[in-house]
2 protein chains.
Amino acid sequence: MQTMPSDLQETFRALADPSRREMLTRLRDSEMTIGEMAGHFPMTRAAVKKHLTILEQGNLISVHARGRERINRLEPLALKEVSGWLDYFSNFWDDKLTRLQTAVEAAEGNSK
Amino acid sequence: MQTMPSDLQETFRALADPSRREMLTRLRDSEMTIGEMAGHFPMTRAAVKKHLTILEQGNLISVHARGRERINRLEPLALKEVSGWLDYFSNFWDDKLTRLQTAVEAAEGNSK
DNA sequence: TTGACATAATACCAAAAGGTATCATATAAA
DNA sequence: TTTATATGATACCTTTTGGTATTATGTCAA
């Protein structure tokens, strides 16, 4: 059985939830506290905090204390690792697109 | 051609399980039946079939009948859509890597 | 037709996921 | 110091998930 870095597993797991993905897109625009994040979601602060913890376990965010607040900051390197995993398939989809484009061009050539 | 992210949720959900990700890497090398796939995993055929169904729901594979067998084939376009979602963050990690590389080069320059 | 084989369908189970409510703790402010 | 605020930590509940076992269906081959 292939052994993948366990943190990549935690990253994929964290990305599986739509609320967490939306949290990442919000953190792309600006870091924010748990309370600020909770203001954007129809769930309790406790639930938002759980989601942020899972994002942190997936190395997708880092958390920094500022007084009694906790600043949540995007850490995009984990996303880059996911991108690297996807690259394992990229020539495959490129091939498929190439064949498709070739077929389209052939059809256009016939119609001219 | 812009096919907008239809149901990326099902794709992300399918990618969250390590067995399913390994199934995708196996299908990258060659399409195969349910029974063949089951030979590579320590679980029943029924469990493998469930995983393949979830991969199909995530548009990551297609299933084709061949007699009494079912051929499972990689459909990488859904992975390309995931890659597109990640691109929303790519300048972020590029920035971070650029800063890191700059710092490394500066350190090397100091040591020479 | 009969029997073996590959898969489909269903019921069931334990554990994980996603959520709430409640209480404790640490810090800011009056 | 007292009080309000921001978060942490549990306990608990319901639904989903990943797995099994069992039975049914369709197809190949003798």
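Note that the coordinates shown come from a computational prediction; the quantities given were computed from them, not determined experimentally.
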Nearest-0.5 Å distance, [atom1] of residue [X] to [atom2] of residue [Y]:
| X | Y | atom1 | atom2 | answer |
| --- | --- | --- | --- | --- |
| B:S62 | B:R73 | OG | CZ | 5.0 Å |
| A:I71 | A:E31 | CD1 | CD | 6.0 Å |
| B:E22 | B:R28 | CD | CZ | 14.5 Å |

Mapping B:K50 and A:R45 to their closest nucleotides on DNA chain C, which lands nearer the 5' end?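 Taking each residue's closest nucleotide, the earlier one in sequence belongs to B:K50.
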For DNA chain C, find the residues of residues 26-38 of chain A with a heavy-atom distance under 4.0 Å and give them by number; none if there aren't any.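 None, since no heavy atom is under 4.0 Å.
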Within residues 53-91 of chain B or reaching into it, pairs that qualify as ring pair (Phe, Tyr, Trp, His ring centres under 6.0 Å) - sequence neighbours excluded: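 Those involving residues 53-91 of chain B are B:F12-B:W85, B:W85-B:F89.
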Polar side-chain atom of [X] near backbone of [Y] as donor-acceptor pair, under 3.5 Å:
| X | Y | value |
| --- | --- | --- |
| B:R21 | B:L15 | yes |
| B:D7 | B:Q9 | no |
| B:S83 | B:L79 | no |

Does a side-chain heavy-atom distance below 4.5 Å link A:M23 with A:L55?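 In short, these two side chains touch, coming nearer than 4.5 Å.
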Residue pair A:T33 / A:E69, side-chain donor-acceptor N/O under 3.5 Å: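 Judged by distance alone, the side chains do not pair up.
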Outermost DNA chain C nucleotides near chain A [under 4.0 Å, heavy atoms]: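 First and last nucleotides in contact are C:dA17 to C:dA28.
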Going 5' to 3' along DNA chain D, which nucleotides are the first and last within contact of chain B (any atom under 4.0 Å from a heavy atom)?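 Taking any atom under 4.0 Å from a heavy atom of chain B, the span is D:dT17 to D:dC28.
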Between A:N72 and A:M37, is a side chain to side chain contact (heavy atoms under 4.5 Å, CB included) present by the stated rule, with each step listed? CA-CA 9 Å; A:N72 298 274; A:M37 184 64 82; 5.8 Å; no
Return all side-chain donor-acceptor pairs below 3.5 angstrom for residues 38-46 of chain A, not counting sequence neighbours, or 'none' if the list is empty.
unit_1, atom_1, unit_2, atom_2, d
A:H40, ND1, A:E36, O, 3.1
A:T44, OG1, A:A47, N, 3.2

I need the residues from residues 58-72 of chain A with at least one non-hydrogen atom less than 4.0 Å from DNA chain D; give them sorted by number, or say none.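 Within this stretch, A:R68, A:E69, A:R70 sit under 4.0 Å of the strand.
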Quick one: which of B:T53, B:I61, B:N59 gives a side chain to side chain contact (heavy atoms under 4.5 Å, CB included) with B:Q57?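 Of B:T53, B:I61, B:N59, side chain to side chain contact (heavy atoms under 4.5 Å, CB included) with B:Q57 is met by B:T53 alone.
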